[in-house]
Every structure is written in structure tokens, then in C-alpha cells.
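Quick caveat, the model's predicted, so the values are computed rather than measured. First listed ligand is number 1; within each ligand, the first listed atom is number 1.
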Amino acid sequence: MALGQLVDGKWTTNWTEHDAKGEFKRMPTLFHHWITAQGSSEFPAAVGRYHLYISLGCPWAHRTAILWKLKGLENIVSLSIVDPIISEQGWRFSDYSGCIPDAVNQADYLWQIYVKSKPDYTGRVTVPVLWDKQTQ
Ligand SMILES: N[C@@H](CCC(=O)N[C@@H](CS)C(=O)NCC(=O)O)C(=O)O
């Protein structure tokens, strides 16, 4: 199965990250911001404002789950867990054991929340995602 990505907000499996020599070149990700203490950034720390999307099979994402638990953020940052098997349309919400559906955006696929945030988004759709419920 081919992995896919978004191109101008449309899901496609017709892409490659290989250069002319066949070397894998990871695209830089677009959404990089910080949550900081009240008032010192556009994303202030706030109870209930943020939602974390993870896959338990992803080494990047599951580290955020460990931190979420160790820091006692369960009642501060809400959580969704995608199906562990990536689909033709990327990460998917399902009723697979241990998954948590998307109660914030009611998405079926993670790419839908990328498009909700940026309708013409081009790039990979990866976990983890930290979603700001206030500004999307
Ligand atoms: N968000 C990370 C990337 C994390 C990542 O690559 N996650 C993988 C799972 S381990 C993923 O979601 N891959 C889906 C894809 O690349 O289509 C970054 O900013 O560099």
C-alpha cells in the first residue's frame, strides 16, 4: 500500500519523496508552534483548549502520550488515538480496540483536520498533532 499526502488540500497517493538518486528526502513539516505560559505566546497554556492526536504505534506520538500521562494532563489536554494500521487515506479513526474517536472535529481521517486548519495544505499528514480548539 502506498502512503499518501495532501496536495492543495486533496488527498493523493501519487507522490514521492525520493530525489534523482533515489535518496529519501523527508519534507519539512509546516505546523510548528509552542504552548507557553499565559500571555507569552499566541498559544497560551489553558485548561481544555488543546487536543492531542496520536498513534500508539508511532515513536514520536507515543512519547507525547507518555508525557501527557506523567505530567497529569489527562483532564487538561483531551486525546484521540487513531487506528494503528495506516489506511489508503492515511491515519483513520476507528472502533479498533484502544482507539479513541475524534470527539473534537468528528473526523474520519486525520487529513481532514489538516484541511480544516489549512484548506490548501500540501504535505504529509502525521501524528502527533496538537490541535488548538480555539483557533483551529
Ligand atoms: N510530526 C513529526 C513526524 C512524525 C511522523 O513521521 N509520524 C509518522 C508515524 S511514526 C507518521 O505519521 N507518518 C505518516 C506519513 O508520513 O504519512 C515531525 O514533525 O517531524
Side-chain angles (χ1 to χ4, degrees):
M1 183 190 67
L3 281 177
Q5 70 163 0
L6 285 169
V7 175
D8 290 330
K10 300 272 178 298
W11 186 260
T12 176
T13 52
N14 197 8
W15 65 286
T16 176
E17 278 183 301
H18 302 151
D19 68 6
K21 291 189 220 152
E23 193 177 332
F24 177 72
K25 299 280 188 197
R26 177 181 276 276
M27 289 166 70
T29 51
L30 188 74
F31 300 107
H32 283 149
H33 302 283
W34 292 97
I35 292 174
T36 58
Q38 287 283 354
S40 63
S41 90
E42 62 181 311
F43 298 106
V47 174
R49 177 163 170 173
Y50 302 99
H51 186 77
L52 181 61
Y53 291 97
I54 63 167
S55 159
L56 294 178
C58 169
W60 284 276
H62 96 261
R63 279 182 217 150
T64 66
I66 291 170
L67 196 75
W68 179 80
K69 188 82 179 172
L70 289 177
K71 290 283 187 184
L73 297 174
E74 292 108 310
N75 296 320
I76 295 171
V77 175
S78 49
L79 181 74
S80 287
I81 301 176
V82 297
D83 191 294
I85 311 292
I86 200 161
S87 80
E88 286 282 350
Q89 291 189 61
W91 296 116
R92 183 173 72 93
F93 299 97
S94 77
D95 55 8
Y96 188 87
S97 172
C99 296
I100 304 176
D102 179 14
V104 172
N105 291 298
Q106 285 77 40
D108 296 317
Y109 293 92
L110 192 66
W111 66 259
Q112 292 166 332
I113 72 156
Y114 275 70
V115 171
K116 193 167 182 180
S117 179
K118 188 169 175 12
D120 63 347
Y121 175 79
T122 293
R124 305 288 288 270
V125 172
T126 65
V127 285
V129 169
L130 190 61
W131 176 262
D132 177 14
K133 296 172 191 171
Q134 201 164 301
T135 64
Q136 305 200 332

Provide, line by line, the atom pairs where ligand 1 and the protein bring an N/O atom each to a distance under 3.5 Å; else say none.
unit_1   : atom_1 : unit_2 : atom_2 : d
ligand 1 : 1 (N)  : T126   : OG1    : 3.3
ligand 1 : 6 (O)  : R26    : NH1    : 3.3
ligand 1 : 6 (O)  : R26    : NH2    : 3.3
ligand 1 : 7 (N)  : V127   : O      : 3.0
ligand 1 : 12 (O) : W91    : NE1    : 2.8
ligand 1 : 12 (O) : V127   : N      : 3.0
ligand 1 : 16 (O) : R124   : NE     : 2.9
ligand 1 : 16 (O) : R124   : NH2    : 2.4
ligand 1 : 17 (O) : R124   : NE     : 3.4
ligand 1 : 19 (O) : T29    : OG1    : 3.2

How about K10: does its NZ atom have over 12 heavy atoms from other parts shown lying under 6.0 Å from it?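 For K10, atom NZ is not crowded (no more than 12 foreign heavy atoms under 6.0 Å).
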Would you mind telling me which of N105, L130, I100 makes a side chain to side chain contact (heavy atoms under 4.5 Å, CB included) with Y53?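 Answer to the side chain to side chain contact (heavy atoms under 4.5 Å, CB included) test with Y53 among N105, L130, I100: N105.
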[X] [atom1] to [Y] [atom2] distance, which is reported to the nearest 0.5 Å:
X	Y	atom1	atom2	value
Q89	L6	CD	CG	10.0 Å
D8	K118	CG	NZ	9.0 Å
S80	W91	OG	CH2	14.0 Å

Determine whether R92 and D108 satisfy the following criterion, salt bridge (charged side-chain N to carboxylate O under 4.0 Å, His left out), listing intermediate values before the conclusion. CA-CA 6 Å; R92 183 173 72 93; D108 296 317; over 6 Å; no
